[in-house]
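As structure tokens, the structure follows; a few thoughts come after it.
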Amino acid sequence: MAAALNIGPMDVFWVFLMLTGLQPIAKQRWMEASRRILIARLERRRKSRVILLAHRQETMGFLGFPMVRYIDVNDSEEVLRAIHLTDPNVPIDIVLHTPGGLVLAATQIATAINRRKGKVTAFVPHYAMSGGTLIALAADEIVMSDHAVLGPVDPQVGQYAAASVLKAVEQKSKDRIHDEILILADEAGKAIHQVHDTVRELLSGKYPERVASNLATMLSEGRWTHDFPITIDYAKELGLHVSSEMPSEILDLMTRYPQPVRSLPTVEYLPGRRVAEGAGGETTWRA
């Protein structure tokens with residue numbers, strides 16, 4: 001007869017501890033798998049490459065200290081890689097959920113999107129501020145949820161808005177301003193001109209030249225605070241081409257980005273190349 005198992009309180013405690021430690025990992029793996037299923041479903045329905053650029057601003061870092069995520073060079077490298085793996089004739093759907101980030105990284109992504117032959121649609125389910133707006137402007141179409149917002153793309157120099165630095169310098173005589181501030185003001189002026197020219201280039205061809213120039217000025221000159229919310233109605237009032245036809249799958253995708261315990265990837269797409277094949281003017285899609 002088999003001997004009875006001798007399980008004590010400490011054994012139960014250690015089993016409980018192991019299961020507790022594995023539970024967050026299992027939950028994260030399930031969440032990743034469910035996102036990929038939704039991405040694949042959306043790609044099949046729209047016959048497109050879907051790229052997510054998502055940042056959780058509330059992500060908790062080491063020992064519970066807040067860790068804010070922004071668009072960085074790692075994100076630009078991943079997005080550019082996904083674009084490179086996509087046939088020029090295959091549409092791209094880029095989902096933007098970000099507070100912005102490095103101008104260099106956002107400009108790289110926006111430039112790559114702007115130069116694509118195939119249609120690019122930017123989906124903004126909740127918010128795409130600053131660099132996120134810059135990327136959205138490069139798309140052929142911007143789709144926003146009813147309560148989603150974009151934001152100004154005016155550059156920040158250090159911890160200050162570039163436009164505010166220039167205004168502060170204008171209000172004082174130069175002999176009362178430190179050299180460091182004058183240098184900062186010089187950088188601020190250059191930054192505003194650079195972002196203005198970038199936005200105008202991104203909008204050129206999609207809008208009349210006068211409209212593109214006016215939009216570039218309004219969005220880059222610093223007339224609003226950097227976190228000013230541009231709603232879908234205000235975006236239309238400014239002259240931007242936006243719609244509210246948000247696919248339900250994208251909203252479902254965002255529910256798969258809950259408050260994370262561990263760091264989540266900020267760019268996600270299904271691996272492999274997307275190839276367009278056409279004959280007689282018709283285009284079919286193949287993964």
Side chain to side chain donor-acceptor pair (under 3.5 Å) contacts in which one or both residues fall within residues 144-153, not counting sequence neighbours: none

Polar side chain donor-acceptor pair, D233 to T231, under 3.5 angstrom: no

Nearest heavy-atom neighbours spanning I135 and A110: CA-CB, 4.1 Å

Derivation of the side chain to side chain contact (heavy atoms under 4.5 Å, CB included) call for M246 and F123: CA-CA 7 Å; M246 181 67 65; F123 292 97; 3.8 Å; yes

CE-CG distance between M129 and L134, expressed to the nearest 0.5 angstrom: 13.5 Å

For R116, salt bridge (Lys or Arg N to Asp or Glu O under 4.0 Å) partners two or more places apart: none

Pairwise salt bridge (Lys or Arg N to Asp or Glu O under 4.0 Å) hits with a residue in residues 119-144, at least two apart: K119-E141

Euclidean distance, I109 CD1 relative to L96 CG, rounded to 0.5 Å: 8.5 Å

Closest heavy-atom pair and its distance - S244, V143: C-CG1, 4.3 Å

Fellow cluster residues of V103, listed by chain then number, with links counted only when side-chain atoms sit under 4.5 Å apart: none

Heavy-atom closest contact (I71 atom, A105 atom, distance): CG2-CB, 3.9 Å

Residues that D93 engages under salt bridge (Lys or Arg N to Asp or Glu O under 4.0 Å), provided they are two or more places apart: R46

Heavy atoms from other residues, nucleotides or ligands near OH of Y160 exceed 12 (cutoff 6.0 Å): no

Residues E268, R35: salt bridge by 4.0 Å N-O rule: yes

Heavy-atom closest pair, residues D227 and T225: OD1-OG1, 2.9 Å

Atom pair CD (E201) and OG1 (T111), whose distance is rounded to the nearest 0.5 Å: 6.5 Å

Spatial distance of atom CD1 (I51) from atom CD1 (I83) [nearest 0.5 Å]: 5.0 Å

Rounded distance [0.5 Å steps], CD1 in I177 versus CD1 in I183: 12.5 Å

pair H241-I142: side-chain heavy atoms closer than 4.5 Å: no

Residue that, paired with E249, satisfies salt bridge (charged side-chain N to carboxylate O under 4.0 Å, His left out) out of R45, R41, R44: R45

Atom of W224, atom of P152 and distance for their closest heavy-atom approach: CE3-CG, 3.7 Å

Side chain to side chain contact (heavy atoms under 4.5 Å, CB included), paired with L38, selected from I250, T255, V50, L253: L253

Under the salt bridge (Lys or Arg N to Asp or Glu O under 4.0 Å) test, residues paired with R81 that sit two or more places apart: E78

Cationic N near anionic O, under 4.0 Å, R256 to D252: no

Matching residue for I113 among L202, V120, L137, I92 - test: side chain to side chain contact (heavy atoms under 4.5 Å, CB included): V120

Nearest-0.5 Å distance that lies between atom CG in N214 and atom CG in L219: 10.5 Å

